[in-house]
Number of protein chains: 2
Amino acid sequence: MPRNPTSYVILGLLSIHPNLSGYVMRKAVQGSIGYFWAESYGQIYPALKRLTREGLIAKSGGESNGRRPRQEYVLTEAGRRCLREWLAVPFHDEPPKNEFLLKLFFAREAAPGVAAAHLRDFEERNRRMLDTLNNIEASVPTARPSNPHQPYWLLTLGFGKALTAAALAWSESARAELTAAKPSAAPSIRPPKKRVAKKTASSRKHVVGKH
Amino acid sequence: MPRNPTSYVILGLLSIHPNLSGYVMRKAVQGSIGYFWAESYGQIYPALKRLTREGLIAKSGGESNGRRPRQEYVLTEAGRRCLREWLAVPFHDEPPKNEFLLKLFFAREAAPGVAAAHLRDFEERNRRMLDTLNNIEASVPTARPSNPHQPYWLLTLGFGKALTAAALAWSESARAELTAAKPSAAPSIRPPKKRVAKKTASSRKHVVGKH
DNA sequence: TGGGTCATGTAATAGGTTACATGATTGC
DNA sequence: GCAATCATGTAACCTATTACATGACCCA
């Protein structure tokens with residue numbers, strides 16, 4: 001019986017830390033794997049119900065400290081087995097849909113300045129993201145014992161940093177290229193000295209836009 | 001009236017090259033923006049129908065050279081306006097869901113070797129991707145006139161190359177870190193000289209896995 | 001008393017994949 | 001003849017977001 005990604009996120013979180021409620025799972029996703037994953041309540045709560053019904057997780061007494069009592073969950077043995085099996089099967093990577101790149105690709109049709117604006121926006125967001133990731137890194141204890149999951153967390157964090165930094169570097173050079181290549185709206189006679197002029201290129205058999 | 005991303009992809013493609021059929025649109029997506037976007041026939045054909053009904057595109061005589069006649073489409077003026085408007089609104093970037101990173105993050109629960117296997121797999125896929133992108137780049141004419149969309153294509157291609165290269169570099173160092181950090185299954189007494197030992201770290205307020 | 005956050009959930013809708021059906025043509 | 005590719009489309013299903021409903025507690 002195939003299960004959706006949300007289910008595995010839940011199983012994974014419970015494998016790291018028992019007794020989580022739907023609410024804190026959502027928060028945990030945002031706070032730890034938010035760089036490459038997202039879950040909404042509309043996904044989590046139904047999944048919790050289903051997983052309970054199927055015996056992969058079980059309700060554990062929700063501690064109600066003054067507040068509304070939280071329904072908490074723990075992994076069952078079946079749940080742990082299920083998680084392990086899923087972890088072992090090869091991942092599939094569909095191309096991540098990137099609306100920013102989509103708009104950039106079609107940007108010739110846009111009003112002048114639109115592409116540059118998106119690029120600035122992109123750059124800014126990456127700058128903030130890199131900041132966030134660095135803060136996370138700084139908040140991690142470098143101390144010896146730590147916890148057994150930490151090596152893997154460090155790897156994903158490192159990935160986030162590396163890719164964000166690369167995106168940032170690219171967007172800076174892209175901005176330069178763009179302003180250099182587009183001095184006026186009608187570049188027909190000698191586009192005045194491209195400054196950056198990095199040799200990049202594009203496009204395969206290109207059904208669309210044969211050159 | 002809000003439209004789905006697929007619609008804008010169609011409008012965008014037709015803005016670059018008129019007279020495309022659903023079939024070649026799919027191919028064009030794979031061949032040009034496949035690095036960061038995907039569309040299935042199940043999305044494209046209904047979208048074509050709807051866009052035609054709404055007057056954003058129109059059927060253009062499908063040329064039937066021996067084969068089954070293809071239904072081709074062109075942009076209408078309303079379609080072009082609609083595309084322009086969409087291009088101008090800020091993009092929203094949801095975190096791209098990355099199953100590889102998800103499995104890596106939870107990998108402590110997996111059987112030994114699983115994380116390393118995924119990493120090798122990831123590395124290999126990125127290597128192939130970089131190859132593909134380089135081939136695309138090589139096939140682009142460096143000649144002067146070219147076509148007006150090319151600067152934007154070059155930017156997205158450059159992005160793909162930069163990010164893939166960064167992912168590749170990361171995965172190589174990650175593999176080294178992983179093998180260094182995990183000599184046996186129970187690293188409790190002095191994990192023998194980590195070789196790479198790049199200072200990375202992880203995790204924010206971390207509801208899950210407080211250290 | 002009003003806004004923020006804690007906390008759980010449902011319903012409507014949108015977005016997207018997969019499998020299937022159909023049939024022609026090309027190349028081995 | 002058979003497999004692959006061209007080419008269009010539909011139906012069933014899964015995935016996911018958004019808005020909404022509910023209510024308590026905290027703090028200013």
Any [X] side-chain N or O less than 4.0 Å from OP1/OP2 of [N]:
| X | N | result |
| --- | --- | --- |
| B:Lys27 | D:dT5 | no |
| A:Ser21 | C:dT8 | yes |
| A:Ser40 | D:dT17 | yes |

Closest listed nucleotide, where the reference is the side chain of [X] and the choices are [options]:
| X | options | result |
| --- | --- | --- |
| A:Lys49 | C:dG9, C:dG15, D:dA16 | C:dG9 |
| A:Gln43 | D:dT10, D:dT17, C:dG16 | D:dT17 |
| A:Tyr23 | D:dA7, C:dG16, C:dT5 | C:dT5 |
| A:Pro5 | D:dA16, C:dT8, D:dT8 | D:dA16 |

Using the test ring pair (Phe, Tyr, Trp, His ring centres under 6.0 Å), find all partners of A:Tyr35 that sit at least two apart in sequence or belong to another chain.
none

What residues form a ring pair (Phe, Tyr, Trp, His ring centres under 6.0 Å) with B:Phe91, not counting sequence neighbours?
A:Phe100, A:His118

For [X] and [N], what is the distance between atoms [atom1] and [atom2] respectively, to the nearest whole Å?
| X | N | atom1 | atom2 | value |
| --- | --- | --- | --- | --- |
| B:Tyr45 | D:dA11 | OH | P | 16 Å |
| A:Ile10 | D:dA16 | CD1 | C1' | 14 Å |
| A:Met25 | C:dC6 | CE | C1' | 16 Å |
| B:Tyr8 | C:dG16 | OH | P | 13 Å |
| B:Asn4 | C:dA14 | CG | C1' | 8 Å |
| A:Gln30 | C:dC6 | CD | P | 11 Å |
| A:Arg50 | C:dG9 | CZ | C1' | 18 Å |
| B:Tyr41 | D:dA7 | OH | C1' | 8 Å |

How about [X] and [Y]: does a side-chain donor come under 3.5 Å of a side-chain acceptor?
| X | Y | value |
| --- | --- | --- |
| A:Asn4 | A:Ser7 | yes |
| B:Ser60 | B:Asn19 | yes |
| A:Thr6 | A:Glu39 | yes |

Contact check, side chains of B:Ile33 and A:Leu101, non-hydrogen atoms, under 4.5 Å:
no

Would you call the rings of A:Phe159 and B:Trp170 parallel, tilted or perpendicular, where under 30° means parallel and over 60° means perpendicular?
perpendicular

The answer to which of A:Glu39 and B:Leu48 contacts DNA chain D further toward the 5' end, by nearest nucleotide, is B:Leu48

Near DNA chain C, counting only heavy atoms under 4.0 Å, which residues of residues 90-103 of chain B show up?
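Of all residues in residues 90-103 of chain B, none places a heavy atom under 4.0 Å from DNA chain C.
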
